[in-house]
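Reading through the structure tokens given below for one structure.
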Amino acid sequence: MRPTAVVTGAASGIGRELVAALQHDAWVAGLDRDPVDDDSPAAVHFRVDVTDRNAVGDVIDKIADERGGIDWVICAAGIIRDRVSWKMEGDEWDDVIQVNLTGAFNVVRASLAMLRRSRAGRVVFIGSINGTRGGFGQANYAASKAGLVGLARSLALELARDGVTVNVVTPGFIETPMTRSIPREALQRAIARTPLGRMGLPEDVAAAVRFLCSEESGFVTGVVLPVDGGQLLGATP
Ligand code: NAP
């Protein structure tokens, strides 16, 4: 039987592309608070808010019951609420931490018993290069994404004895609905600072995640893999 994968944020952008890529290797359940369009590649889609711990538990149990287990968990659900820290409201901080960090923990926590029983358990978080370098006006977002790294490395240690690998993919600027609201000049500045000279595509991120879910990546755990066109290296001279 093919592995059973759970992908959050599956209705849009990177998450949607993850579903499309992983369904070549696995049976994929997509989770999102939004509905999906009719041509979604997911085998099944659940509307659920990842911050709702009980609802997440119910959905994960339903998938595990139907499939007899869960093998891969990929957390891509995420939001931004950008504002410089001296103007940031408490709920802008709380919402971003709740969705990006606590939401990922909720989904993995609910799946742990199944992952530990799997013979090829895989967890991949979608972080951000801004979790590594910080982001102006993104104290909440950068903290949430840095938190995913600590979470992943702790889980990697705890789950290694069960053969479960846990890794983080950290994209740079990727063309999705999330980046559509960024002003053109800001995007052009970002591209100018990217050695490979373009924005990334959801497919670029999906290819890295597909590798980290594959059998061939079985000795790779606790890593943070930037998919950023070299942006973290800085501009080319
Ligand atoms: P996107 O197109 O906005 O997709 C994110 C999806 O997650 C949306 O469908 C969103 O629904 C859903 N979501 C948000 N909160 C949720 C919740 N509480 N429960 C369930 N689903 C929820 O964004 P994207 O660009 O594909 O981003 C995907 C991931 O990549 C995010 O974690 C993001 O931080 C990360 N990332 C993106 C970039 C980039 O340049 N695009 C760069 C680095 C990292 P709504 O539309 O209703 O919010």
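Ligands are counted one by one from 1 in listed order, and the atoms in each one are counted from 1 as well. Nothing here was measured: the structure is a model prediction, and the numbers come from that model.
Every pair passing side chain to side chain donor-acceptor pair (under 3.5 Å) that includes a residue from residues 93-102 is listed here, sequence neighbours excluded: Asn100-Ser144.
Salt-bridge annotation for Lys87 and Asp82: absent, with no side-chain N of the basic residue lying under 4.0 Å from a carboxylate O of the acidic one. Taking 4.0 Å as the cut-off between side-chain N and carboxylate O, Asp58 and Arg53 do not count as a salt-bridged pair.
In plain terms, the two heavy atoms of Ala142 and Gly135 that are nearest each other are CB-N, 4.2 Å.
Under the rule for a side chain to side chain contact (heavy atoms under 4.5 Å, CB included), the partners of Asp162 that lie at least two apart in sequence or sit in another chain are Arg116, Leu159, Val164. For Ala43, the side chain to side chain contact (heavy atoms under 4.5 Å, CB included) test picks out Trp27, with sequence neighbours left out.
Protein neighbours of ligand 1 below 4.0 Å, counting non-hydrogen atoms: Gly9, Ser12, Gly13, Ile14, Asp32, Arg33, Asp34, Val48, Asp49, Val50, Ala76, Ala77, Gly78, Ile79, Val99, Ile126, Gly127, Ser128, Tyr141, Lys145, Pro171, Gly172, Phe173, Ile174, Thr176, Pro177, Met178, Thr179.
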